[in-house]
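Working notes, beginning with the structure itself.
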Amino acid sequence: MKRLAVEVRGIVQGVGFRPFAARRAMALGLAGFVRNTPSGVELECEGPAEACGALVRALQEDPPPGAVLFSVQARELPPRGETGFRILTSGQGAAEAAVSPDLGICPDCARELFDPADRRYRYPFINCTACGPRFTILEKIPYDRANTTMAGFQMCPQCAAEYADPFSRRFHAQPDACAVCGPRLTYVEGGAGTCGDVIGRFQRAILAGGVVAVKGLGGYHLACSAQNPAAVRRLREAKHRYAKPLAVMAPDLAAARALCLVSPEEEAELLSPRRPIVLLKKREHCAVAPEVAPGNGRLGVMLPYTPLHLLLLEHMPPLVMTSANLSDAPMPYRDEDLSRVLELCGAAVTHNRPILRRMDDSVCVFAAGQRRLFRRARGFAPAPVPVRTGGAAQAPQLLAFGAQLKNTFCLMKDGRAYLSGHMGDLDDEETLRFFRRELPAFLALFGAAPEVLVSDLHPDYASTRLAQRYAAEHPGTRLLAVQHHQAHFASVLAEQGLEAAAGFIFDGAGYGTDGTSWGGELLAGTAARPRRLGRLRPLRLPGGDAAVREPWRAALCAVADACGSEKALSLFAGQDGAEPLLRLAARGVCAPLSTGMGRLFDVFAAVAGLPPRVSFEGQDAMALEQAFDDTAGGSYGFDVVSGPGGLLEFDWREAVRCAVADRERGEGPGVISARFHRAAAGLVRAAARECPDLPVVLSGGVFQNLRLLESCLSLLEQDGRKAYANSLVPSDDGGICYGQAAAAAALLKE
Ligand code: ZN
Ligand code: ZN
Ligand code: FE
């Protein structure tokens with residue numbers, strides 16, 4: 001006879017870990033108990049030594065699907081002669097246990113949903129310990145029903161019996177409910193709500209070409225048929241979103257396959273409990289309206305991730321599913337937001353289970369053999385990301401505030417970073433308010449009291465000011481600032497566990513240590529103190545931020561720099577005010593310098609004849625990537641020369657001259673795009689030779705350009721170099737907080 005105390009750390013609350021452990025223990029004939037603790041799950045088992053060992057192995061090797069184990073530690077205790085195995089209710093405040101992300105509906109629940117004999121037949125909120133809402137309904141730890149937005153629903157006797165039955169899939173499933181006792185749907189239209197035939201009403205409205213809002217897991221979506229061009233146009237008009245691609249929800253995998261090519265990894269990701277939007281390659285005849293993702297070779301596709309979605313999409317065409325907000329505003333998620341949502345579309349499928357926190361859909365793509373995240377939110381947050389750079393495991397608790405745009409923040413402790421969902425652009429007042437609410441709530445979930453705070457170096461980022469204010473309100477904390485591109489650089493080192501690297505950080509803009517805008521940098525060294533070895537030849541951005549919306553402005557100055565003013569003015573003769581703009585820029589008036597690679601992509605897009613004005617940052621750069629003509633040969637070239645201050649300068653002037661000549665010869669965007677992309681990849685290959693002994697890392701938003709990413713990685717590999725890009729966090733500013741934490745931890749270690 002033996003008694004073991006086993007301590008399990010990780011995401012083990014809210015994923016059915018206790019019932020799983022109890023069932024295994026009972027099957028092995030063991031006595032004892034299991035319970036949630038502040039740091040995870042604790043279990044004691046008593047019985048034959050062999051059975052005790054088998055239980056520990058089962059916990060380690062075959063945990064339930066949603067569980068993420070950090071460690072399993074067992075120690076021996078004297079046997080007590082206990083009989084029976086029990087699940088104890090939580091002790092006080094399980095504050096440190098990792099919180100589970102929301103989990104997409106599992107196959108068992110999906111089967112019951114469509115089984116007429118099941119008592120939850122067509123019940124839109126069916127869930128179990130393996131699936132259902134988690135982070136979006138969780139108010140505080142421990143993960144018990146009373147601490148979720150399910151608190152207001154009293155379980156019926158049948159649900160209560162399942163909840164208490166260790167052999168049920170719903171044993172201690174906190175959001176468990178049924179049609180008798182649980183949340184219910186309402187169809188709201190014309191100021192009135194009805195509970196009858198909600199699914200039917202929705203489907204008829206969609207098939208008639210309507211746009212209908214749907215309350216999902218992390219907020220309200222707008223839905224319409226993806227095959228109805230007029231409906232998609234109406235949806236775009238309602239959102240004031242005219243250019244950015246929209247994602248679709250396909251009813252099932254077969255429907256996704258009919259639209260796009262799906263590789264085995266993409267299939268696994270689509271079907272995983274995370275259920276992200278995966279950017280898939282469109283088939284030649286992709287049966288969605290061209291308005292969904294105009295001019296784009298890829299389509300963002302996701303599968304239904306809640307039982308409600310399964311019901312709504314049954315026998316339906318693929319639906320556009322996009323957040324129910326105006327253009328750049330955050331996604332609405334509270335019940336009081338419904339009236340605003342209804343202003344956009346007129347009808348909504350809603351329900352009475354409150355959403356506690358907004359959670360956008362995650363977006364990923366598979367490139368160069370790995371999953372790359374474009375947005376890390378639902379299904380991922382707040383699962384931890386390991387920080388594998390030196391100093392991270394020993395560092396004090398650290399809170400990194402992220403960047404201004406695509407903001408996320410993160411808490412780092414014990415060498416793991418817990419990233420928030422996508423907060424969005426902090427320029428937006430409402431996003432800022434959400435950030436202020438969410439930050440303390442998030443810290444409370446993890447029982448965190450950060451000692452070190454990390455911000456960007458940019459004095460005007462709202463995130464920097466929030467960090468400063470937090471520091472002022474929490475005496476004894478220490479505030480560090482990490483340069484933007486250093487954070488991008490450190491993010492790859494931390495994912496890969498590299499102590500040093502040479503990094504190409506290609507970005508839109510970030511505040512440099514010299515106060516100018518950076519974004520086409522070669523950094524080399526450690527996460528703590530990389531040295532800036534090289535940079536793009538600076539571009540003039542006439543009108544500053546206006547140049548982001550009007551790429552022709554930067555192109556005007558770049559062409560003038562490369563070919564002279566006359567050529568520049570003739571190329572952009574159609575643009576109002578080109579001449580005075582150029583004159584002012586020549587004197588440096590209202591024309592800040594930038595080494596941003598994102599802006600150089602804009603320049604080549606404008607030279608290639610793509611739209612001189614865009615509606616979102618990087619739209620032209622994206623169009624340039626899409627224009628890439630595989631049949632076009634040739635490449636432009638960058639000159640790597642020694643510039644001021646001992647920096648290498650990546651001089652693009654010859655490339656601009658060649659592109660202008662191509663344009664004048666009548667070449668289209670396809671040729672200019674191909675030659676410019678090859679030049680940019682060639683630059684990375686050539687400049688990497690300056691640091692022959694270091695692995696190469698690639699980060700920054702520009703590397704969301706898959707043409708560029710894949711060709712850089714393949715050229716570097718051809719040269720026998722080890723090369724890495726982000727895969728656990730986004731390479732754009734959504735990954736900044738993670739890099740900030742890694743860089744700060746490395747600095748603290750020094
Ligand atoms: Zn389930
Ligand atoms: Zn019930
Ligand atoms: Fe950035």
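Only heavy atoms go into these numbers, but all of them, side chains included; no hydrogens, no water, no symmetry mates.
Using a 4.0 Å cut-off between charged side-chain N and carboxylate O, Glu521 and Arg532 make a salt bridge. Residues Arg675 and Asp662 are paired through a salt bridge, judged by an N-O separation under 4.0 Å between the basic side chain and the carboxylate. Salt bridge Lys567/Glu664: present, at least one basic N to carboxylate O contact under 4.0 Å. Salt-bridge formation is not detected for the pair Arg553/Asp602: no Lys NZ or Arg NE/NH1/NH2 atom is positioned less than 4.0 Å from an Asp or Glu carboxylate oxygen. By the 4.0 Å N-to-carboxylate-O rule, Arg599 lies close enough to Glu617 to be salt-bridged with it. Note on Glu495 versus Arg388: no salt bridge recorded, every NZ/NE/NH1/NH2 to OD/OE distance being 4.0 Å or above. A salt bridge links Arg685 to Asp719: one of the charged nitrogens lies within less than 4.0 Å of a carboxylate oxygen. Salt bridge annotation for Glu265-Arg371: absent, with no cationic side-chain nitrogen under 4.0 angstrom from a carboxylate oxygen.
Side-chain contact between Pro382 and Phe442: present, with at least one pair of heavy atoms (C-beta onward) separated by less than 4.5 Å. Looking at Tyr738 and Thr408, their side chains never come closer than 4.5 Å, going by heavy atoms from C-beta outward. In this structure, Leu556 and Leu569 have side chains that are in contact, with non-hydrogen atoms separated by less than 4.5 Å. Between Leu715 and Gln718, some side-chain heavy-atom pair lies under the 4.5 Å cut-off. Looking at Val365 and Leu706, their side chains come closer than 4.5 Å, going by heavy atoms from C-beta outward. Two residues are said to be in side-chain contact when any heavy atoms from C-beta on lie closer than 4.5 Å; Gln704 and Leu373 fail this criterion. Looking only at side-chain heavy atoms (C-beta outward), Asp507 and His484 come within less than 4.5 Å of each other. Using a 4.5 Å heavy-atom cutoff, the side chains of Glu269 and Pro276 are in contact.
Judged by distance alone, the side chain of Lys244 and the main-chain N or O of Ser615 form no donor-acceptor pair under 3.5 Å. Remark: the backbone N or O of Leu593 is not paired with any side-chain donor or acceptor of Thr516 at under 3.5 angstrom. Within the 3.5 Å criterion, the main-chain N or O of Cys557 finds no donor-acceptor partner in the side chain of Asp561. Gln483 places a side-chain N or O within 3.5 Å of a backbone atom of His485 that can act as its donor or acceptor partner. Within the 3.5 Å criterion, the main-chain N or O of Ala368 finds a donor-acceptor partner in the side chain of Glu710. A donor-acceptor contact shorter than 3.5 Å links the side chain of Arg678 to the backbone of Gly634. Of the possible donor and acceptor atoms, none in the side chain of Arg537 sits under 3.5 Å from a partner among the backbone N and O of Phe650. At least one donor-acceptor pair closer than 3.5 Å links the side chain of Ser673 to the backbone N or O of Leu624.
The cationic group of Arg416 lies under 6.0 Å from the six-membered ring centre of Phe70 and within 45° of the ring axis, placing it in a cation-pi geometry.
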- Item | Trace of the side chain to side chain contact (heavy atoms under 4.5 Å, CB included) decision for Leu539 with Trp652 | CA-CA 10 Å; Leu539 293 155; Trp652 36 261; 3.5 Å; yes
- Task: Could you check Phe409 against Phe435 for ring pair (Phe, Tyr, Trp, His ring centres under 6.0 Å), going step by step and ending with a plain yes or no?
- Result: CA-CA 9 Å; Phe409 61 83; Phe435 185 109; 5.2 Å; yes
- List the steps and the verdict of side chain to side chain contact (heavy atoms under 4.5 Å, CB included) for Arg478 and Glu451. CA-CA 6 Å; Arg478 183 171 161 200; Glu451 295 164 54; over 6 Å; no
- Criterion salt bridge (Lys or Arg N to Asp or Glu O under 4.0 Å) on Arg465 and Asp456, from CA distance to verdict: CA-CA 10 Å; Arg465 288 197 294 269; Asp456 195 273; over 6 Å; no
- Task: For Met412 and Leu399, run side chain to side chain contact (heavy atoms under 4.5 Å, CB included): C-alpha distance rounded to whole Å, both residues' side-chain angles, the deciding distance at 0.1 Å, then the answer.
- Result: CA-CA 6 Å; Met412 193 188 91; Leu399 176 61; over 6 Å; no
- Query: Under the side chain to side chain contact (heavy atoms under 4.5 Å, CB included) criterion, do Thr595 and Ser517 qualify, and how do the steps go?
  - Reply: CA-CA 6 Å; Thr595 62; Ser517 179; over 6 Å; no
- Message: One pair to check against ring pair (Phe, Tyr, Trp, His ring centres under 6.0 Å): Tyr470 and His474. What are the steps and the verdict?
- Response: CA-CA 6 Å; Tyr470 191 96; His474 295 79; 3.8 Å; yes
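The heavy-atom pair separating Ala742 from Thr389 by the smallest distance is CB-OG1, 3.7 Å. Residue Ala329 comes nearest to Asp428 through the heavy atom pair CA-OD2, 4.0 Å, listed as atom of the first residue, atom of the second, then distance. Across all non-hydrogen atoms, the minimal contact from Tyr418 to Pro384 is CE2-CB, 3.4 Å. Nearest heavy atoms, Val559 versus Ala568: CG1-CA, 3.7 Å. Among all heavy-atom pairs drawn from Gly508 and Ser594, the shortest one is O-OG, 4.5 Å. Shown here for Thr464 and His458, the closest heavy-atom pair between the two residues is OG1-O, 2.7 Å.
Side-chain polar atoms of Asn726 and His488 form no donor-acceptor pair below 3.5 angstrom. A donor atom on one side chain and an acceptor atom on the other are found under 3.5 Å apart for Arg613 and Gln575. Defined by atom type and a distance below 3.5 Å, a donor-acceptor pair is present between the side-chain atoms of Gln404 and Asp427. With 3.5 Å as the limit, one finds no donor-acceptor pair spanning the side chains of Asp360 and His422. Side-chain N/O atoms of Gln370 and Ser727 include a donor and acceptor closer than 3.5 Å. Using a 3.5 Å distance cut-off with no hydrogens or angles, the side chains of Ser420 and Glu438 do not pair a donor with an acceptor.
Residue Arg531 places its CZ atom among 12 or fewer non-hydrogen atoms of other residues, nucleotides or ligands, all under 6.0 Å distant. The environment of Glu579 atom CD is sparse: at most 12 non-hydrogen atoms of other residues, nucleotides or ligands sit within 6.0 angstrom.
In this structure, the separation between CG on Leu453 and CZ on Arg469 is 13.5 Å, given to the nearest 0.5 Å. In this structure, Phe504 CZ and Phe506 CZ are separated by 6.0 Å, a value rounded to the nearest 0.5 Å. Note: Gln397 CD to Thr477 OG1 = 12.5 Å, rounded to the nearest 0.5 Å. Rounding to the nearest 0.5 Å gives a distance of 7.5 Å between CG of Leu698 and CD1 of Ile505. A distance of 10.0 Å separates CD1 in Ile736 from OG in Ser731, rounded to the nearest 0.5 Å. Distance check: Arg274 CZ to Asp361 CG gives 14.5 Å after rounding to the nearest 0.5 Å.
For Phe601 and His677, the distance between ring centers is under 6.0 angstrom.
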